[in-house]
Amino acid sequence: MSFEHPNRNNESMIDVERDIMSRPSERNTTNLDLQRMKMILDIMGHPEQSFRVIHITGTNGKGSTARMAEAICRAYGMRTGLYTSPHLEHVNERIAIDGQQLSDDDFVDTWDQVKDLVAIVDMKMDELGKPKMSFFEVLTAMAIWKFADAPVDVAIVEVGMGGRWDATNVLDADAAIIGPVDMDHMAWLGDTVEEIATEKVGIIKPNCTAIIGRQPHEDEVMPIIEAAAKENHASLVRDGVESEVVTRVPAVGGQVATLRTPNGTYTEVPIAKFGEHQAHNALAALCAAEVVIPVNGALDGDLVAEALSSVRIPGRIEQIRTSPTIILDGGHNVNAAESLRAAIEENYDFQQLVGVVAMMGDKQVEEYLGVLEPLLSHVIVTENSWRDRVMPAEDLKKIADRVFGPERVTCIPELPDAIQEAVNMVDADDELGVGYGHGVLVCGSFTTAGDARLMLEEKINPDLKKPKAERVFQEAVDPEPRKKQDEADVDFESDANPDFNINDFGSVGPDDSVLADADADEMDEAADTNEPADANEPADAETSSENETK
């Protein structure tokens, strides 16, 4: 711990996470109001008024759009705060400053600073007979507090669910983005797209700029959005009217698009994500950035390109392995499935794609699987770690059997085993052994994608992040003294080969015994002829004298 992160109560990250996540869910219909959030902001002294806000809702694309807008603002030198949900692996992923998620120490310290204020609100709610703050409300309060403490110039905030009663809606947006509105969270938001749209337009605040993405139910949704904008005197920027994806072509690692906004046209912008929907997310992010960045006219095209080409969005059509290709996607509704299928068909050439699917029980499971059916050669149904909400694998199999046919469905309840079986399937059919044309798609829920990412993501050994002096090294071992030559020979002859024969290891050429016999024959012949044994060798001295006398 440091001076900035005192951790006064000596709490661990896991202790704090358990404390926060054990609170009531924001899905509890008894707490669909902003009373607790307004109260805690009053106690904090309204820190939300110290920064500009980009607020994002919609059935899909919120997280991608938020990260793109944050990257553009940061490229312009603005200090940014980013608040997204859900998290894939660790809860501190949800809050980031200048593109870096809070460290464990910083997260614990932020909780340490706000928990007494949270306790005051909880106590007041008890007196009123109402629920205490939910875990999402606590995380939202922590994010707002941290953004003001940093301090940030702009906060990019993703709605948790809906809009009107969402904990984030205590913020007054400068730019309010509404992405595609479709069927999801019907138990809380309504059974029709009109009812859902009515909830989502709640983030449009007086005199803001409302940036509206493409709407799959345009006839039903757009009149509701336009009425809310008119009521709040908000400026409308609609995809396809005031803004437009002019052109787009797939490229390695993503795509290149030309984007038109109210302030100008940005040509051939590289976007580091697959799919047409991501080009439209980038357009919305760019329009929002134009609102909050203090620049007249269009933004610098090079900075926009640099930002959008560097955005990484975990769990959204994320290729995490190769050979075989393994793709993760956290989308869980029909609109997300359609975008996923279109992106894969456009950017990959799979002859075999095995799906590993785990979904929550409150989703449109049969409709989701129906969209992916033409894409998947086989599907393995499984379960993720959210045991309270995940659909049991056996129940999911019954639905998958109707969509795919029983011969294309396998049920493996444990996710690690399901992924391994999918890899085994594609490896068995990969004759070249290079993974091309064979892949695994893990999808159905952000929890599913997060669980798989935790298992599959390549991670650096934590020891390598430490200074060299602090790393753990293998203990040095002194070598044993070398044996004498004769001892080594005896050891080799006795141990290495019980049937040892020195001739087994002779040098290249004839055997020594053959050489010895040849030398003896040559000497005998030389004695008979009184000639030197070798033409190159002189005769002995006595023989030489006799020859000279003669």
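Given the structure is predicted, the values throughout are model-derived calculations rather than measurements.
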Legend entry - Sidechain N-carboxylate O distance under 4.0 Å for Arg94, Glu158: no

Inset, instruction - State, yes or no, whether a side-chain contact exists between Ser64 and Gln278 at a heavy-atom distance under 4.5 Å. - result: yes

Inset, instruction - Take Asp42 and His46 through the test side chain to side chain donor-acceptor pair (under 3.5 Å) and record every step on the way to the result. - result: CA-CA 6 Å; Asp42 279 341; His46 290 284; 2.5 Å; yes

Legend entry - Lys273 side-chain N/O to Arg316 backbone N/O, donor-acceptor pair under 3.5 Å: yes

Inset, instruction - Could you tell me whether a side-chain N or O of Asp174 sits under 3.5 Å from a main-chain N or O of Val292, the two making a donor and an acceptor? - result: no

Inset, instruction - Take Val246 and Glu244, measure what side chain to side chain contact (heavy atoms under 4.5 Å, CB included) needs, and give me the verdict at the end. - result: CA-CA 6 Å; Val246 180; Glu244 179 187 11; 4.2 Å; yes

Legend entry - Ion pair check, Arg387 and Glu383, cut-off under 4.0 Å: yes

Legend entry - side chain to side chain donor-acceptor pair (under 3.5 Å) between Asn384 and Thr448, intermediate numbers included: CA-CA 5 Å; Asn384 59 43; Thr448 305; 3.0 Å; yes

Inset, instruction - Indicate yes or no: at least one non-hydrogen side-chain atom of Leu189 is less than 4.5 angstrom from one of Lys200. - result: yes

Inset, instruction - Any chance you could measure Gln215, atom CD, to Ile224, atom CD1, to the nearest 0.5 Å? - result: 10.0 Å

Inset, instruction - Kindly say whether Leu102 contributes a backbone atom to a donor-acceptor pair with the side chain of Asn92 at under 3.5 angstrom? - result: yes

Inset, instruction - Grab the two heavy atoms, one from Thr65 and one from Ala284, that are nearest each other, plus how far apart they are. - result: CG2-CB, 4.2 Å

Legend entry - Neighbour count >12 (heavy atoms, 6.0 Å) for atom CD, Glu127: yes

Legend entry - For Val379 against Ala400, the heavy-atom pair lying closest together: CG1-CB, 4.5 Å

Legend entry - Verdict with supporting geometry, Arg248 and Val256, side chain to side chain contact (heavy atoms under 4.5 Å, CB included): CA-CA 6 Å; Arg248 56 173 294 275; Val256 176; over 6 Å; no

Legend entry - Donor-acceptor contact present, side-chain Asp329 to main-chain Leu340, <3.5 Å: no

Inset, instruction - Assess whether salt bridge (Lys or Arg N to Asp or Glu O under 4.0 Å) is satisfied between Arg402 and Glu373, documenting all intermediate values. - result: CA-CA 11 Å; Arg402 296 198 298 268; Glu373 187 275 331; over 6 Å; no

Legend entry - Lys132, Arg36, Arg23 screened by salt bridge (Lys or Arg N to Asp or Glu O under 4.0 Å) with Glu137, the one that passes: Arg36

Inset, instruction - Could you tell me whether a side-chain N or O of Glu276 sits under 3.5 Å from a main-chain N or O of Ala343, the two making a donor and an acceptor? - result: no

Inset, instruction - Look at the side chain of Thr265 and the backbone N and O of Thr261, then say whether any donor-acceptor pair between them is shorter than 3.5 Å. - result: no

Legend entry - Partner set under side chain to side chain donor-acceptor pair (under 3.5 Å) for His332, not counting sequence neighbours: Asp184

Inset, instruction - Would you give the length of the straight line joining atom CZ of Arg238 to atom CD1 of Ile225, rounded to the nearest 0.5 angstrom? - result: 10.5 Å

Legend entry - Check: Tyr76 side chain, Leu303 main-chain N or O, donor-acceptor pair, under 3.5 Å: no

Inset, instruction - Evaluate salt bridge (Lys or Arg N to Asp or Glu O under 4.0 Å) for Arg260 paired with Glu242, printing each intermediate quantity in order. - result: CA-CA 8 Å; Arg260 177 178 63 83; Glu242 291 83 9; over 6 Å; no

Inset, instruction - For the pair Glu345 and Arg341, find out whether any cationic side-chain nitrogen is under 4.0 Å from an anionic carboxylate oxygen. - result: yes

Legend entry - Closest contact, heavy atoms only, Glu290 versus Pro262: OE1-CD, 4.0 Å

Inset, instruction - Begin with the C-alpha distance, continue with both residues' side-chain angles, and end with the deciding distance and a verdict on side chain to side chain contact (heavy atoms under 4.5 Å, CB included) for Lys38 and Val170. - result: CA-CA 7 Å; Lys38 290 179 178 179; Val170 290; 4.1 Å; yes

Legend entry - Contact check, side chains of Val371 and Tyr368, non-hydrogen atoms, under 4.5 Å: no

Inset, instruction - Would you indicate whether the side-chain heavy atoms of Ile95 and Gln101 approach each other to under 4.5 Å? - result: no

Legend entry - Exercise: identify the closest heavy-atom pair between Ile293 and Cys73: CD1-CA, 4.0 Å

Legend entry - Check: Ser50 side chain, Pro47 main-chain N or O, donor-acceptor pair, under 3.5 Å: yes

Legend entry - Pair Asp153 + Arg79, salt bridge at N-O below 4.0 Å: no

Legend entry - Donor-acceptor contact below 3.5 Å, side chain Thr59 vs main chain Asp182: yes

Legend entry - side chain to side chain donor-acceptor pair (under 3.5 Å) between Thr258 and Thr247, intermediate numbers included: CA-CA 5 Å; Thr258 295; Thr247 61; 3.3 Å; yes

Legend entry - Ile344 and its side-chain contact (heavy atoms from CB on, under 4.5 Å) partner, picked from Leu372, Leu375, Asp349: Leu375

Inset, instruction - Evaluate the ring planes of Phe350 and Tyr348, with Trp represented by its six-membered ring, and classify them as parallel (under 30°), tilted (30 to 60°) or perpendicular (over 60°). - result: parallel

Legend entry - Ser85 to Phe136 - nearest heavy-atom pair and separation: OG-CE1, 3.9 Å

Inset, instruction - Taking the side chain as every heavy atom from C-beta outward, state whether Ile203 and Val159 have any pair of such atoms under 4.5 Å apart. - result: yes

Inset, instruction - Show your reasoning for whether side chain to side chain donor-acceptor pair (under 3.5 Å) applies to His280 and Asp239. - result: CA-CA 8 Å; His280 289 272; Asp239 189 331; 2.7 Å; yes

Inset, instruction - Start with the C-alpha distance between Val157 and Thr84, add both sets of side-chain angles, then the distance that settles side chain to side chain contact (heavy atoms under 4.5 Å, CB included), and finish with yes or no. - result: CA-CA 6 Å; Val157 177; Thr84 58; over 6 Å; no

Legend entry - Neighbour count >12 (heavy atoms, 6.0 Å) for atom CD, Glu268: no

Inset, instruction - Could you tell me whether the side chain of Glu199 and the main chain of Glu195 form a donor-acceptor pair under 3.5 Å? - result: no

Legend entry - For Phe274 against Gly254, the heavy-atom pair lying closest together: CE2-N, 3.5 Å

Legend entry - 4.5 Å side-chain heavy-atom contact, Leu369 and Val357: yes

Inset, instruction - Could you check Leu283, Leu286, Ile271, Ile156 and say which one makes a side-chain contact (heavy atoms from CB on, under 4.5 Å) with Met68? - result: Ile271

Inset, instruction - Side-chain contact test, heavy atoms from C-beta onward, threshold under 4.5 Å: evaluate it for Val181 versus Ile196 and give yes or no. - result: yes

Inset, instruction - Tell me, with the steps shown, if Arg312 and Glu318 meet salt bridge (Lys or Arg N to Asp or Glu O under 4.0 Å). - result: CA-CA 9 Å; Arg312 298 293 178 264; Glu318 178 187 16; over 6 Å; no

Legend entry - N-O pairing of Lys230 and Glu226 below 4.0 Å: no

Inset, instruction - Given salt bridge (Lys or Arg N to Asp or Glu O under 4.0 Å), test Glu394 with Lys398 step by step and report yes or no. - result: CA-CA 7 Å; Glu394 289 295 337; Lys398 294 175 184 176; over 6 Å; no

Legend entry - Any Met142 side-chain heavy atom under 4.5 Å of Phe107 side chain: yes

